[in-house]
Amino acid sequence: MKMAAPTASKAASLGCNNKPTFPELDFRSGARVEELNKLIQEFTKHDQREYDDQRALEIHTAKDFIFSMLGMVQKLDQKLPVANEYLLLSGGVREGVVDLDLDELNVYARGTDYDMDFTLLVPALKLHDRNQPVTLDMRHSALCHSWLSLRLFDEGTISKWKDCCTIVDHINGATNYFFSPTKVADWFYDSISIVLSEIQKKPQRGMPKVEKVEKNGTIISIILGVGSSRMLYDIVPVVSFKGWPAVAQSWLMENHFWDGKITEEEVISGFYLVPACSYKGKKDNEWRLSFARSEVQLKKCISGSLMQAYQACKAIIIKLLSRPKAISPYHLRSMMLWACDRLPASYLAQEDYAAHFLLGLIDDLQHCLVNKMCPNYFIPQCNMLEHLSEETVMLHARKLSSVRSDPAEHLRTAIEHVKAANRLTLELQRRGSTTSIPSPQSDGGDPNQPDDRLAKKLQQLVTENPGKSISVFINPDDVTRPHFRIDDKFF
């Protein structure tokens, strides 16, 4: 007696036609995507620290000290604007929060040298009249760079700053003063040193300890000891503009990932000149365009999983590509912004795609190195890798190839590094004071004084706004009343 062959549906129900299920793998390395996701999550857990009330108060105390110091710098010779607007960014210059060259910076390590790091952009000059066209002298500079003539400013400003200028005499007898980034940085460092020397002659209870003050190129790095915490402030003298530069106008005509999420007015509210020159530029005269204010707004539109992948990738490349210094975390940030424009928002919003994003960022960076091409996000015609030698880019491309071949191992190394830094911080805290640290304005009395309430508010803001940047409006004659702006919200 013959039996009929089972139908397809019956075969499936009997398990005769089941296909084996495989875990999702990365084709290049063979790594399991699920494992990479877990490693990225573990890195994020150790990299993003939670702040208790004590740490929040220490953050406030350090910030209060820095702003008080800058108020005293303003009073030295009245060079800085009386009512100034600072941009406070989470992360130091070495973390790529601003497009500055890292070659001249001393190496500081979290855990060893500091526990938290910030970048503070301090306008030496402001041009904030929206009706006045932004005129930049780019005739002598590479793309993304400019000289700045003080003819844009009034006679009082020229008189105050002409000792920080290079002078060019024209044939017609006129004298032109060009604002010098190197001379401004020298003046700024000297002024800060004078003020800190005066402050330390009359120490107040609870005042942070100045552990280090160094001039790194055109940046002034200050490490403060506050209670059991060490805060690194990279202070950058800048020129602040409202509006948008003509050289970046074409960028506004393109479609971008942030369209419909934030307004164009928020994105183009202002830009800076930061003290950095192009590869062949004249250091004494040339400034670099910076869109740090715009980047604060764009960051609000980037998904959490992509930001996690970016932070993990940054931790890997900072050490791997540190010598020779050719690639900075700012290059990686630019690639991430380009990826946001290139890829669908629905894809980038996938919460469990961090591994794909990490691998993609590594691929993008390697592609940029092999082709020696990394366009500036805001001025695409500016290639930020143009000056590198073939030997340098291929050296770094080969290093990245090793990462791409075994991303899991490099993630584990990054996790071990951040855990080691956290252990160093905890060890310092155990050795340090466990009591509350009063603010410089506090007499250590009633714990319910305004400083304590402000510390709790600050801790709440940090918890609710992880990774966001803070603008601070301050009057140097009344440093007890800072006004915070986290992105577009005022506090």
Side-chain angles (χ1 to χ4, degrees), residues 79-80 92-94 96-107 119-125 127 135-153 157-158 160-170 175-193 213-222 234-241 245 247 271-292 322-331 374 376 379 382-389 392:
K79 275 185 161 67
L80 294 180
V93 167
R94 295 158 189 79
V97 297
V98 181
D99 183 15
L100 288 166
D101 300 320
L102 307 183
D103 303 29
E104 298 181 335
L105 301 187
N106 291 333
V107 177
T119 298
L120 186 64
L121 304 188
V122 178
L125 288 175
L127 200 60
T135 306
L136 297 175
D137 189 348
M138 297 184 169
R139 294 171 298 169
H140 313 288
S141 306
L143 275 169
C144 286
H145 298 82
S146 176
W147 290 23
L148 181 67
S149 171
L150 289 192
R151 283 187 298 185
L152 295 171
F153 300 88
T157 300
I158 294 174
K160 280 192 290 189
W161 281 108
K162 63 183 180 182
D163 58 332
C164 290
C165 293
T166 57
I167 301 173
V168 176
D169 292 319
H170 292 284
T175 298
N176 202 349
Y177 295 94
F178 286 100
F179 207 42
S180 169
T182 53
K183 291 185 178 183
V184 170
D186 288 340
W187 164 84
F188 203 30
Y189 174 71
D190 291 341
S191 298
I192 286 175
S193 299
V213 183
E214 289 187 337
K215 182 171 175 287
N216 291 289
T218 53
I219 299 160
I220 292 85
S221 298
I222 300 176
D234 286 326
I235 304 178
V236 186
V238 299
V239 181
S240 176
F241 292 86
V247 70
F271 68 99
Y272 297 101
L273 294 181
V274 296
C277 74
S278 59
Y279 179 63
K280 292 183 179 180
K282 190 173 180 181
K283 281 189 174 183
D284 287 343
N285 283 11
E286 197 169 84
W287 299 77
R288 179 174 298 162
L289 274 75
S290 169
F291 301 90
S322 60
R323 292 288 185 273
K325 277 196 169 68
I327 295 295
S328 86
Y330 188 81
H331 294 121
C374 179
N376 181 286
I379 307 177
C382 172
N383 175 13
M384 296 189 289
L385 302 184
E386 185 177 20
H387 64 282
L388 298 181
S389 68
T392 297

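The analysis underlying the following values was restricted to heavy atoms, covering all of them including side chains, and did not include hydrogens, waters or symmetry mates.
Counting all heavy atoms, side chain and backbone alike, I379 lies closest to C144 at CD1-SG, 3.7 Å. Taking every heavy atom of both residues into account, T119 and G92 meet most closely at OG1-C, 3.2 Å. Considering every non-hydrogen atom in both D101 and A276, the closest pair reads OD2-CB, 4.2 Å. Residues P237 and P275 share a closest heavy-atom pair of O-CD, 3.1 Å. Here the shortest heavy-atom pairing between N383 and C374 reads OD1-N, 2.8 Å.
Under the side-chain hydrogen bond (donor to acceptor under 3.5 Å, both in side chains) criterion, K160 pairs with no residue, sequence neighbours left out. The side chain to side chain contact (heavy atoms under 4.5 Å, CB included) search around S328 returns L102, Y330, H331, not counting sequence neighbours. Taking the side-chain hydrogen bond (donor to acceptor under 3.5 Å, both in side chains) definition, one finds that T166 meets it with N285, sequence neighbours left out. Under the ring-ring contact (aromatic ring centres under 6.0 Å, His included) criterion, W187 pairs with W161, not counting sequence neighbours. Listed by chain and number, the residues in a ring-ring contact (aromatic ring centres under 6.0 Å, His included) with F178 are W147 (sequence neighbours excluded). Partners of K183 according to the salt bridge (Lys or Arg N to Asp or Glu O under 4.0 Å) rule, which considers only residues two or more places apart in sequence or in another chain, do not exist here.
Annotation: W287 is not in aromatic contact with Y272 [ring centroid separation under 6.0 Å not met].
In this structure, R288 contributes its side chain and V274 its backbone to no donor-acceptor pair below 3.5 Å.
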**Item:** Test side chain to side chain contact (heavy atoms under 4.5 Å, CB included) applied to V247 and M138, step by step
**Value:** CA-CA 9 Å; V247 70; M138 297 184 169; 3.7 Å; yes
**Prompt:** Between L289 and L273, does a side chain to side chain contact (heavy atoms under 4.5 Å, CB included) hold up when you go through it step by step?
**Reply:** CA-CA 5 Å; L289 274 75; L273 294 181; 3.8 Å; yes
**Request:** Dump the intermediate steps for side chain to side chain contact (heavy atoms under 4.5 Å, CB included) on L385 and I327, then the final yes or no.
**Result:** CA-CA 8 Å; L385 302 184; I327 295 295; 3.7 Å; yes
**Item:** V168/Y177 under side chain to side chain contact (heavy atoms under 4.5 Å, CB included): CA gap, chis, key distance, verdict
**Value:** CA-CA 6 Å; V168 176; Y177 295 94; over 6 Å; no
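Test S180, S146, S278 against E286 for side chain to side chain donor-acceptor pair (under 3.5 Å) and you get one pass: S278. The side-chain contact (heavy atoms from CB on, under 4.5 Å) test with V236 singles out one residue from V93, I220, L120, V122, and that residue is V93.
Residues L125 and T157 are in side-chain contact: their nearest non-hydrogen atoms beyond the backbone lie under 4.5 Å apart. Looking at heavy atoms from C-beta onward, R151 lies in side-chain contact with N176 at the 4.5 angstrom threshold. Contact check for I222 versus I192: side-chain heavy atoms found under the 4.5 Å cut-off. Two residues are said to be in side-chain contact when any heavy atoms from C-beta on lie closer than 4.5 Å; L136 and H145 fail this criterion. Annotation: side chain of L127 is not in contact with side chain of V239 (no heavy-atom distance under 4.5 Å).
The distance from atom CD1 of I219 to atom OH of Y189, rounded to the nearest 0.5 Å, is 14.0 Å. Atoms CG and CD, from L143 and E386 in turn, are 8.5 Å apart once rounded to the nearest 0.5 Å. Atoms CE and CG, on M384 and N376 in that order, are 5.0 Å from each other to the nearest 0.5 Å. A distance of 5.5 Å separates CG in L150 from CD1 in I158, rounded to the nearest 0.5 Å.
In the model, D99 has no side-chain atom that pairs as donor or acceptor with a side-chain atom of S290 under 3.5 Å. Between D234 and S221, the side chains place a donor N or O and an acceptor N or O closer than 3.5 Å (distance only, hydrogens not considered).
Taking a 6.0 Å sphere around CD of E214, one finds it holds more than 12 heavy atoms contributed by other residues, nucleotides or ligands.
A salt bridge is absent between D190 and K215; no separation between the charged side-chain nitrogens and carboxylate oxygens falls under 4.0 Å.
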